[in-house]
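Okay, so here's the structure we're looking at.
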Amino acid sequence: MKALILVGGFGTRLRPLTLSVPKPLVDFANKPMILHQIEALKDIGVTEVVLAINYQPEVMLNFLKDFEEKLDIKITCSQETEPLGTAGPLALARDKLIDGSGEPFFVLNSDVISEYPLKEMIKFHKSHGGEASIMVTKVDEPSKYGVVVMEETTGEVEKFVEKPKLFVGNKINAGIYLLNPSVLDHIELRPTSIEKEVFPKIAANKKLYAMVLPGFWMDIGQPRDYITGLRLYLDSLRKNTSSKLASGPHILGNVIVHETAKIGEGCLIGPDVAIGPACIIESGVRLSSCTVMRGVRIKKHACISSSIIGWHSTVGQWARVENMTILGEDVHVCDEVYSNGGVVLPHKEIKTSILNPEIVM
């Protein structure tokens with residue numbers, strides 16, 4: 001089987017992290033975002049993953065070379081010269097996706113994190129005999145999304161309603177599809193939307209089916225959702241493979257700590273924290289709802305909550321970092337400095353407090 005991951009563009013919503021690496025390589029729970037997907041695909045027997053990309057393909061490919069060998073899976077790029085939306089890239093990668101076997105292929109949106117029940121999806125796809133299957137997820141506030149209106153028992157999709165003003169349903173497109181090769185015949189090589197142009201056509205022919213995603217779902221393409229996504233992901237680890245979570249007197253709730261990280265005396269860590277490789281957390285530090293990426297040093301008695309600390313940054317003694325502060329790569333927060341929602345670009349030293357959310361160049 002083959003799969004296409006829609007990687008797309010610049011990842012502007014996750015700046016300043018995406019100023020250092022392309023968005024799919026930003027760490028999430030100590031692993032590049034895209035690796036969560038590639039591993040899930042490999043687990044169900046996908047042998048080739050195509051990345052649809054229009055930005056820094058060489059960076060992506062160099063990085064993924066290691067994983068190709070480790071996971072024993074073929075990873076190639078299909079490069080757009082102009083942005084092609086969410087359907088155009090399928091037409092562009094047509095020759096890579098079709099091998100004459102008639103097997104369906106997966107398409108995933110690279111920002112989506114879930115338990116990836118892909119095996120169940122294959123079963124569902126074979127059982128309904130339609131042309132395309134999409135995953136949908138239930139949300140509390142459907143008006144922010146495109147809602148999928150479907151027949152509850154069979155899963156047959158009736159229509160899509162973009163950002164509905166009136167309640168039509170609470171199931172939204174979860175960005176995970178399983179498509180027969182024939183779907184590619186509906187797609188032209190131009191900037192085009194799979195949600196607005198391709199799927200409605202297939203639904204009109206009664207060939208589109210939706211499966212409700214079990215477990216959690218999050219689009220982690222922006223900071224607030226990234227932090228929420230981390231909480232949901234760690235919750236799911238607790239249920240499924242709790243051996244991956246840290247434990248001990250200084251750990252509160254769900255926490256993941258890389259084996260090469262060092263944690264000092266008298267810290268309190270958690271809930272919902274990820275600590276990356278080679279991090280040094282000095283004594284008396286308080287961490288909650290945050291991600292601390294590779295090579296970060298948090299000095300004594302610092303307090304960090306609801307924030308993302310980028311690679312190789314330092315947070316000084318008695319500093320307080322909170323409220324969706326995002327430190328890009330190699331940012332240094334001085335001792336006793338306070339950051340309330342500061343978004344700091346890479347290679348910067350912060351000597352004075354950031355009292356209100358702002359971008360620091």
Side-chain angles (χ1 to χ4, degrees), residues 1-6 37 40-41 44-46 52 85-91 93-94 97-98 101-188 192-219:
M1 275 187 98
K2 298 188 176 186
L4 179 83
I5 299 179
L6 297 166
Q37 297 182 327
L41 289 163
I44 53 130
V46 168
T86 51
L90 278 75
R94 184 188 178 107
L97 294 169
I98 290 193
S101 69
E103 280 287 311
F105 58 89
F106 280 101
V107 177
L108 284 83
N109 179 341
S110 73
D111 291 352
V112 165
I113 196 90
S114 75
E115 286 171 11
Y116 306 115
L118 305 176
K119 201 178 230 154
E120 293 79 352
M121 195 175 190
I122 294 172
K123 213 166 165 179
F124 173 74
H125 186 73
K126 290 191 169 144
S127 71
H128 65 64
E131 205 173 11
S133 300
I134 66 173
M135 286 266 192
V136 293
T137 183
K138 291 179 186 169
V139 289
D140 297 334
E141 223 179 301
S143 60
K144 293 199 306 198
Y145 303 94
V147 171
V148 179
V149 182
M150 56 189 267
E151 214 289 306
E152 291 298 325
T153 46
T154 60
E156 189 182 301
V157 174
E158 290 163 33
K159 59 179 178 180
F160 287 77
V161 184
E162 197 52 47
K163 300 194 170 130
K165 295 277 176 285
L166 295 167
F167 185 85
V168 289
N170 64 347
K171 296 184 190 69
I172 63 160
N173 171 2
I176 301 172
Y177 320 130
L178 186 54
L179 312 177
N180 286 353
S182 58
V183 169
L184 293 172
D185 301 336
H186 304 287
I187 305 175
E188 297 168 34
T192 157
S193 159
I194 201 162
E195 301 86 356
K196 293 180 184 147
E197 297 176 63
V198 181
F199 286 156
K201 271 187 210 156
I202 303 173
N205 297 334
K206 300 199 178 309
K207 290 280 176 72
L208 180 66
Y209 289 80
M211 170 182 160
V212 179
L213 181 76
F216 79 99
W217 175 89
M218 201 70 216
D219 177 328

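Please read these numbers as outputs of a predicted model, since none were measured by experiment. For reference, positions follow the sequence shown, starting with 1.
- For the atom pair CG (Leu97) and CG (Leu184), the distance works out to 6.0 Å, reported to the nearest 0.5 Å.
- Side chain of Gln37 to backbone of Val112: a donor-acceptor contact under 3.5 angstrom is found.
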Could you go through residues 117-127 and list every donor-acceptor pair under 3.5 Å that involves a side-chain atom there, pairing it with any protein atom two or more places apart or in another chain?
| from | atom 1 | to | atom 2 | distance (Å) |
| --- | --- | --- | --- | --- |
| His125 | ND1 | Ser133 | OG | 2.7 |
| His125 | NE2 | Asn180 | OD1 | 2.7 |
| Ser127 | OG | Phe124 | O | 2.7 |

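- By the salt bridge (charged side-chain N to carboxylate O under 4.0 Å, His left out) test, Glu103 pairs with no residue at all, sequence neighbours left out.
- Proximity of a side-chain donor or acceptor of Ser110 to a complementary backbone N or O of Ile5 within less than 3.5 Å is not detected.
- Taking both residues in full, the closest heavy atoms of Ile187 and Ala87 are given as CG2-O, 3.4 Å, listed atom of the first, atom of the second, then distance.
- Residues that satisfy the ring-ring contact (aromatic ring centres under 6.0 Å, His included) test with Tyr209, not counting sequence neighbours, are His128.
- Annotation: the span from Leu213 atom CG to Ile134 atom CD1 amounts to 11.5 Å, rounded to 0.5 Å.
- With sequence neighbours excluded, the residues that form a ring-ring contact (aromatic ring centres under 6.0 Å, His included) with Tyr177 are Phe199.
- Counting only distance, with no hydrogens or angles, the side chain of Glu195 and the backbone of Gly175 share no donor-acceptor pair below 3.5 Å.
- Note on residues 147-158: pairs passing salt bridge (Lys or Arg N to Asp or Glu O under 4.0 Å), not counting sequence neighbours, are Glu152-Lys171, Glu156-Lys206.
- In this structure Asp140 satisfies the salt bridge (charged side-chain N to carboxylate O under 4.0 Å, His left out) test with no other residue, sequence neighbours excluded.
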